[in-house]
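Everything below concerns the one structure shown next.
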Amino acid sequence: MTVVLQTDGLTRQFGQLTAVDGVSLEIDDEEVTSIIGPNGAGKTTFYNLLTGVLEPTSGAIRLRSDGELREITDDPPHEVARRGLSRSYQITNVFEGLTVRENLRVARIAREGRTLDFRSRAGSNEAANEQIDWLLELTNLAEYADTECDELSHGEKRKVEIALALAIEPTVFLLDEPTAGMNPTETRKIVSLIHRLNDEIDATFVVTEHDMDVVTDISDRIVVLADGAVLAEGEPAEVLADERVTEAYLGSEAL
Amino acid sequence: MSTHDDSVTSRIGEFTRDAVRNGWTRERCVVLLSLGLLLFGVVAPSFQIYLFTEFLIIALFALAFNLLYGYTGLLSFGHAMFLAGGSYGLAIFLQESEPYVSNVVGAGPAPLVSWVLGAVFAVSLVIAMAVPIGWLSVRLEEIYFALITLAFGMLVYSVIIQNPQGLTAGSDGINVLLGVTEIGGAEFRLGDRQIYYYLTLGIVGASTYGIWRIVNSPFGTICKSIRESPERAAALGVDVRFHRWMTFIVSAAFVGIAGVLIAGLSNVASPYHAHWSESATAVVATVIGGATYFAGPIIGAFVYLYARWGISRYPALEAHWEFFMGVLIILVVLYFKVGAAGGLYMLRTWLLDVQAAYRRGGANAAVGFVRESATNKLRRDSDASESDTGGVER
Amino acid sequence: MISTLSFVSVSDLVIGLSLGSRLFLIAVGLSLIFGVLGVLNFAHGALYMIGAYLALAFTTQVIDNFWIGVVAGAIGVGVIGVLIEVGTIRPLYDRVEADLDQLIVTFGFVLVIHEVVRFVWGSQPYSTPAPDALAFSVSVSGSTFSAYRLFVIVAALVVMAALWLFIRRTYFGALVRGTSSDREMASMLGVDVPRLYTGVFFLGSFLAGLGGALSAPLQSTSPALGEQVIIDAFIIVVIGGLGSMFGAFVGAMFVGLMQAIGPSFIAAGHIAIPFLAMVLVLLVRPEGLFGGLGE
Amino acid sequence: MAGKPCTDDVQNGRNGLDRRTFLKGAAGGAAVTTVAGCLGGGDDTISLGALYIFSGFGSLYGEEAERGYELAVEEINNDGGIDGQDVEIISRDTEGDPNAGIRQMTSLIEEENVDGLFGLDSSSVAQSIAPQVQEYQMPLMATHAATPFLTSPEGEHDNSVGNEWVFRNSNSLSHDMYGAAQVAATLELDEWATIGPDYAFGYETWDYFQAYCEGIGVDTAFTEEQFPALEESDYSPYISSILDAEPDGVITPLWGSDLTTFLGQAEQSGWFDEIEYTLFSVGMGTDLPADGSPLPEGELASTRYDPFEPDTEENNEFRETYVEEYDTLPTYNAEGAYRAVYLYRNAIEEAGTNADEIRSTFEESEHTGPVGEYAFAPETNQATVPAIWGEVSYDDEYESNVLDSLEVSDPSPEEMQQALEDAGSDLPTGV
């Protein structure tokens, strides 16, 4: 049991609005943690703070890299990613004009620090190619390897979304609404994919999700955010039984 | 003797049969193209060699510009400053240093040595300009990037016009004469039409290959990812701003090479090379040709320059050539969404389809296919007003 | 603050304000069109140039009244703007690279308009006399100015005020503001966005034409008129903030004052100053000194 | 003013590249083109290449020249052509850009096989084309570009590009400024200033004016100078700077729409009340605005050709034909182009289409045209045409400015040389 990601009184204000309010969390490497909460609870802002897209108003973020917790509070997004914190996006954000393989190649080049390599051919690194093939296999994307992303279905793009984030071999993997906009069949596929990834990959998963079935299925631990602050946290059954949680949800939005 | 001829003939025959059998592979096309370009310098009329040399230089200018625009998604409206940087770098070096070079290496090889050193100096100067200008410019994106590069470009233009320290000769520009080189009794003039054509061909060819390698390298892959989604690239660990800066510098350096070449061709380093309208040339050539294809800027430069030349041959058109260029630009943007290169690419796909139809069912099938696709095309055009979402294919 | 700068004389100030007023008339339409449509109209300078020609043609060939000529010229330019928007800009809105394609199409129009004007009127410069009512001179602290030059300052203020009222107080203005901040939302709320865009393009072109027509008595009218002007206009809208009309006003006054005092203390190189200012603003505050429409 | 490598070497006597070795190497390439030059155009036409600005800011120059050479072509062809062959002008747009200018020149020589070239408005285009026509051994009759360096033999000054293939049938700004200095001598003003366009022409005009004034002993001071950018839309700040300096006289080489803009704004600023004399060095003749809006009467202006001077049959006939055809008085750019075509006709009738013969004919004979009698000075190939200064007035018949009380300035090259030497200037006379 090791803490890999820690926030300490993390706060972010937009003018008068406090979007994230003194969140202190510890994410453990053995668990799949889900962060849930009604719309506007601050989940996306929280992710943007973690990944360096937004700067916190106050508080600190620490990430385990090279065996110790280091502060990454002020690091820009690319530094955060290099230290091992990776994310997928709620609204699909892949390189549309590139093939699936090229998408993953971008991630591998970034991971291997070869972004300033002008000389070799992009696809000439055998180790990287193997890694990409393995990822394609793992995410069931092999048959689309050479298809441009803008020709893929929504469900397939969601997989590319996940594969991309995985390709940089993260310590912590933030999944932002992995089943957003999916039909039940596609959702089931993603859930089984997450299970599979959790088994095969040595990364810690943090998931935000609307679909409660998905949440209960995959989570070891649940954190509930409401109005930017932590409302409850703990084992799924325990948290979901919490009255305040039901209230927070029913108060704003029926499930 | 006859056996030799036979072997050549049979080899050509074999090559042709191969080509027909296997289709036109990329390697064969490149070989044929290179042969054509080499022969061109011998057989073409003298003026055509001049025009083609100019085309090659403008093509390199547009190609280098497109490294930043088409591959990284940043539209620079001030790239002419690097063209001028290359021109003036060479001109100033020749003006100030040629006598010293001559003292060191002797009068014979001096012109050639000076030119080489001048070219190196010019490209270094361009890089020295691009490092700070790029560092500042890549802080901005989209239209703001276009505007700040426009402002930097016009700043450079203003400085050149002011003739600082008597270096740039103000609005007159500096004449660049490439003299006679004498090495080991052999004399040649670098500025000679044919020699300059081959020199340009070699440098532009090598630069094109270099740019092609860059866009297909890991660096180039990152460029494309930034074009598609800078946010996502950053989330994968790419330092987007730094990478854009590097692309800016590389792009500028190749434009600098084009600048060195244009000064030698037109024999002058002129402030016009720095003006925003010169930057517009690269933009227009790239858009005409198609920014999403590697060869787009090359084809665009060809269309641009040869359309201008074609117009100049007709006095009635020449008097109002800007009108026709304007109409051409408007029509291309409106009706050729993927540029001329895209049009050619679609034509090629279509021809291959016709060929496939011919293989399947002979001439009748091919004619049928042509008729069918033409009807489809017409039908699609009439529907286009409703369903047309347009968009550049990427 | 200005009074503390001892090298700025009253006459510099008047000249600067009149320069700025004219630059404002050029830039405000460009800024409006960019703010609402997101189109950077390269042909804006060419439209300004046509405004000067049309006003001249109306006053010399149709009706001998300067003011009617100015209004007729501006409306004529507005109509030309509508033709350009409907014919060539509208088909491009949905493209991925709409910004750039529109920029380049309007660049094509710079060439076309220039040549059409040259074909019709030739290259020789024309001069347009100031209207009789304003054809006298005024002395301000030892310097002489034409009444017309002072009138242009007033005209710019009037145009600024009229636009402000129009955008803030009319239904059309509310639609314009709404659409400029969120096009999709406006469209969902039932705003006919394409028609609104055409309307705004008309207004922007009308303003370009008005600027050209009102400036005609101050300068010569020739086909090249638009070329320098468009670069000035770019500088101003960048300094003031793309899309901000008030910003265009402040940017224009700033550039006007710079140009007025530039020659008296920097002998060479003052043409570089506006570009330097543009670079600095873009770096320090890329959204301009006044971002946002009508603020 | 920076120099060029080749001329530096000539001057410094260095052992590097100089013009002659440059040409020796060029000979091979030029051989082809000389032949082309001799072949001429088609079988039954003589073709001449015209290089002017037809687009952008300077396009009025191209349009003026076009009127002139078209009139000449019409007259010549109606009169039986040149030795029975029609003459044809192929005009090209230099865009005022050296790069475009050289491409067009190359196309005219190599593709159109013209028998001779004429034209050129922009000095920067002229200076890059001059060495090229020498390489091609193609005669070039400059009709407008006014920089003295164009007819100052290569090596005389850093910027000199003159050679035996380049002629100029109009006078240069050196000539104009000598005349201006003579005018200044009669005016006896204490202080002179200038306002000129921000490019070489503006600066050279001021340099020559000062040098000649000093050289011929005008006792005066040179105070304020302002160089607004080309296409400036408001001159008020510059006007105000000059008025603040309170000079007695101002010389201005502003031209075209810039001049028209300046005039209106100067008038409104009370310029003509405060400045005793304004000398418009190109204001007269070439740049009359289309609506005939005149220069202020009583000011002084210069022209390189006057439609009423000399009062010869040739000039009067040209003027009247021109007015009939185009409904406006001929400008010097029109007259220069007109005369260039006749120069070629005379030369080709006398010597055929051999480029070298054409060149020698230009050099040798006395010439005449609307501008009067003149010859091309040896060494420089600059036509000995006078600079004309006069007082601006308005002519109702022609609805145009004209010049009265003409000062015809026709100094000998020696006098001009002497003046520059006395002033201690290293500028070349270009005559």
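Being a predicted model, the structure only gives us computed values, none of them experimental.
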In terms of heavy-atom pairs under 4.5 Å with chain A, which of Gly237(B), Gly210(B), Pro218(B) leads?
Pro218(B)

Are the side chains of Leu98(A) and Arg227(B) in touch, meaning some heavy atoms are under 4.5 Å apart?
yes

Are there residues of residues 101-123 of chain A whose heavy atoms fall under 4.5 Å of chain B's heavy atoms? If so, which?
Glu102(A), Val106(A), Ala107(A), Ile109(A), Ala110(A), Arg114(A), Thr115(A), Leu116(A), Asp117(A), Phe118(A), Arg119(A), Ser120(A), Arg121(A), Ala122(A)

Check whether any side-chain heavy atom of Phe95(A) sits under 4.5 Å from a side-chain heavy atom of Lys224(B), and report yes or no.
no

Heavy-atom neighbours of Asp146(A) CG exceed 12 at 6.0 Å
yes

Output yes when a side-chain donor or acceptor of Arg232(B) lies under 3.5 Å from a complementary backbone atom of Val94(A), and no otherwise.
no

Shortest non-hydrogen contact between Ala235(B) and Ala81(A), atoms and distance:
O-CB, 3.1 Å

In terms of heavy-atom proximity below 4.5 Å to chain B, should Ala128(A) be classed as side chain, backbone, both, or neither?
neither

For Phe294(B), look at atom CZ and say whether over 12 heavy atoms of other residues, nucleotides or ligands are found less than 6.0 Å away.
yes

Measure distances from Ile214(B) to the heavy atoms of chain A and classify the residue's part below 4.5 Å as side chain, backbone, both or neither.
both

To the closest 0.5 Å, what do you measure between CG (Asn93(A)) and CD (Glu228(B))?
10.5 Å

Look at atom CG of Leu347(B) and say whether more than 12 heavy atoms of other residues, nucleotides or ligands are closer to it than 6.0 Å.
yes

Within a strict 4.5 Å, meaning less than it, do heavy atoms of the His78(A) and Asp239(B) side chains meet?
yes

Heaviest contributor of heavy-atom pairs below 4.5 Å to chain A, chosen from Ala234(B), Ser225(B), Ala233(B), is Ser225(B)

Chain B contact via Glu161(A) - which portion, at a heavy-atom distance below 4.5 Å:
both

Other residues, nucleotides and ligands only: do more than 12 of their heavy atoms fall within 6.0 Å of CD on Glu142(B)?
no

Side chain, backbone, both or neither: which part of Val250(B) has a non-hydrogen atom closer than 4.5 Å to chain A?
side chain

Please check if the number of heavy atoms outside Gln13(A) that lie under 6.0 Å from its CD is greater than 12.
yes

